[in-house]
Amino acid sequence: MEYGFTEATASYLTGIVYDVALLAPLSGWLIDRYGHRDYVVLGTGVLLFFGFTLLYYVPQGPPALFIILIGLGYTIYGPTVWSSVPLMVTPDVVGLATGTGKFFRTFQSRID
């Protein structure tokens with residue numbers, strides 16, 4: 001109870017990240033339509049940095065807003081990075097690159 005939230009309120013706040021993830025198809029469509037993957041990845045890094053930093057250093061601030069920033073960062077980052085793989089490797093190794101990336105992503109999530 002460090003921040004004074006009830007268990008129900010804390011679970012609602014935590015669930016905001018997954019609610020925002022419903023926008024992933026829209027973010028993927030926007031990336032396909034407009035491109036600029038490099039700027040989008042930079043923007044998601046900024047969203048995540050500010051979301052986590054504000055959540056840590058401003059505990060009396062509106063946590064829902066900070067968690068929405070984090071959720072948007074993760075939601076936009078995934079489709080952007082995975083759709084960039086075919087642009088970074090030659091066509092004959094797209095499957096290997098994607099499989100290797102997914103392997104390391106899965107491996108990394110098991111460590112967390």
Side-chain angles (χ1 to χ4, degrees):
M1 290 282 220
E2 181 177 341
Y3 295 103
F5 296 122
T6 65
E7 191 171 326
T9 304
S11 67
Y12 289 135
L13 289 172
T14 304
I16 289 174
V17 174
Y18 302 104
D19 294 338
V20 173
L22 294 171
L23 297 174
L26 175 64
S27 67
W29 177 79
L30 289 171
I31 288 299
D32 289 341
R33 175 112 164 94
Y34 298 107
H36 301 291
R37 287 169 170 82
D38 48 351
Y39 298 120
V40 174
V41 169
L42 179 65
T44 59
V46 169
L47 283 173
L48 288 168
F49 175 78
F50 280 120
F52 281 119
T53 302
L54 291 171
L55 192 61
Y56 181 74
Y57 286 114
V58 189
Q60 71 276 12
L65 175 65
F66 305 152
I67 293 172
I68 287 172
L69 290 176
I70 294 168
L72 280 174
Y74 279 130
T75 297
I76 298 169
Y77 180 78
T80 304
V81 168
W82 289 114
S83 67
S84 299
V85 170
L87 302 174
M88 295 184 287
V89 298
T90 58
D92 58 329
V93 292
V94 170
L96 175 65
T98 306
T100 304
K102 291 195 184 242
F103 166 76
F104 282 116
R105 176 66 186 131
T106 303
F107 183 73
Q108 182 264 336
S109 66
R110 290 188 181 267
I111 293 174
D112 291 340

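For the numbers below, each heavy atom of this structure counts, side chains included, while hydrogens, waters and symmetry mates do not.
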Pairs involving residues 8-36, ordered by first then second residue, that meet salt bridge (charged side-chain N to carboxylate O under 4.0 Å, His left out) (sequence neighbours left out): Asp32-Arg37
Verify same cluster id: Val58, Leu48 (apolar side-chain graph, 4.5 Å): yes
Single-linkage hydrophobic cluster Leu69~Leu23, side-chain heavy atoms < 4.5 angstrom: yes
Salt bridge (Lys or Arg N to Asp or Glu O under 4.0 Å) partners of Asp38, counting only residues at least two apart: none
Passing candidate, side chain to side chain contact (heavy atoms under 4.5 Å, CB included) with Tyr57, options Leu54, Leu55, Thr53: Thr53
Nearest-0.5 Å distance that lies between atom OG1 in Thr44 and atom OH in Tyr74: 10.5 Å
Least distance between heavy atoms, Pro79 atom then Ser27 atom: CG-OG, 3.6 Å
Hydrophobic cluster of Val81, others only, ordered by chain and residue number, side-chain cut-off 4.5 Å: Val41, Tyr77
For the student: nearest non-hydrogen atoms of Gly71 and Val17, plus distance: CA-CG1, 4.1 Å
Exercise: identify the closest heavy-atom pair between Val85 and Val94: CG1-O, 4.4 Å
Closest non-hydrogen atom pair between Thr80 and Ser83, with its separation: O-OG, 3.2 Å
Test log, rule side-chain contact (heavy atoms from CB on, under 4.5 Å), inputs Val89 and Thr98: CA-CA 10 Å; Val89 298; Thr98 306; over 6 Å; no
Heavy-atom side-chain proximity of Thr75 to Leu26 below 4.5 angstrom: no
Nearest heavy-atom neighbours spanning Val40 and Gly35: CG2-O, 4.2 Å
Same apolar cluster: Leu72 and Ile16, side chain cutoff 4.5 Å: yes
Spatial distance of atom CZ (Phe103) from atom CG (Leu96) [nearest 0.5 Å]: 12.0 Å
